[in-house]
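Here's the structure we're looking at; comments come further down.
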Amino acid sequence: MEEIRKSIRTIPDFPKEGIMFRDITTLLNTPKAFKKTMDYFMIRYKGRKIDKIVGIESRGFIFGGALAYLLGVGFVPIRKKGKLPGDKTSVTYDLEYGTDTVEVHTDAISPGENVLVIDDLIATGGTCLAACQLIENLGGKIVECAFLVDLPELKGTEKLKNKGYDIFSLVDFEGD
Ligand code: AMP
């Protein structure tokens, strides 16, 4: 796990002052670390009853797409407002300042399907919670929400667990 952790670069004060941005592009550009990451996810989820993998825009597409390929299941993108061309449903959630809206195609998930949610990182959990609401609005059942990185100080994992969701992450970052 240390190899994965070390391959993630931290950029202070991006996109604004006080944020320690955990940049996974350096992991993607390190083949051994990217492979190890995908192997951990594959080992955890192969054999589980999963019909769809939902990736959250935009870095969730990279890990979600690779995992869907490895598990031989469908991939569904959850996108920011205005990007999906077909019939869609949306959920709006609060940010520190203002709100954000995420969308999914209404025909992408059928009632009763088992769905794994994946993103690169969980911070406050707001994005993931909105994604779970979208999936449940379509009748999907959340198997688990998986992340490469957890920022425990921001309590997103705690918030989602309190709402009854199972959460899995490969590495934690605290402070610097
Ligand atoms: P949240 O909704 O607060 O859990 O934020 C999660 C989303 O914001 C993920 O899609 C992350 O890619 C991104 N994000 C939030 N905080 C950071 C951070 N410190 N470093 C990198 N990405 C972040």
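Just so it is clear, the values below take in all heavy atoms, side chains as well, and ignore hydrogens, waters and symmetry mates. Order of listing sets the numbers, starting from 1, for every ligand and every atom in it.
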Under the side-chain hydrogen bond (donor to acceptor under 3.5 Å, both in side chains) rule, collect the residues that match up with E57, sequence neighbours excluded. R79
T26 side chain to S7 backbone, donor-acceptor under 3.5 Å: yes
Suppose the criterion is side-chain hydrogen bond (donor to acceptor under 3.5 Å, both in side chains): which pairs have a residue in residues 8-19, not counting sequence neighbours? R9-D23, T10-R22
Give every pair formed by an N or O atom of ligand 1 and a protein N or O atom closer than 3.5 Å, one pair per line with both atom names and the distance to 0.1 Å, or write none.
unit_1	atom_1	unit_2	atom_2	d
ligand 1	2 (O)	G126	N	3.4
ligand 1	2 (O)	T127	N	2.9
ligand 1	2 (O)	T127	OG1	2.5
ligand 1	3 (O)	T124	N	2.8
ligand 1	3 (O)	T124	OG1	2.5
ligand 1	4 (O)	A123	N	2.9
ligand 1	4 (O)	T124	N	3.1
ligand 1	4 (O)	G125	N	2.7
ligand 1	10 (O)	D119	OD2	2.8
ligand 1	12 (O)	R59	NH2	2.6
ligand 1	12 (O)	D120	OD1	2.8
ligand 1	12 (O)	D120	OD2	3.4
ligand 1	19 (N)	M20	O	2.9
ligand 1	20 (N)	R22	N	2.9

So does E113 pair up with K141, basic N to acidic O under 4.0 Å? no
Would L70 and Y40 show up in the same hydrophobic cluster when neighbours are defined by side-chain heavy atoms closer than 4.5 Å? yes
Mind checking side-chain hydrogen bond (donor to acceptor under 3.5 Å, both in side chains) for K155 and listing every partner two or more places apart, or none if nothing turns up? none
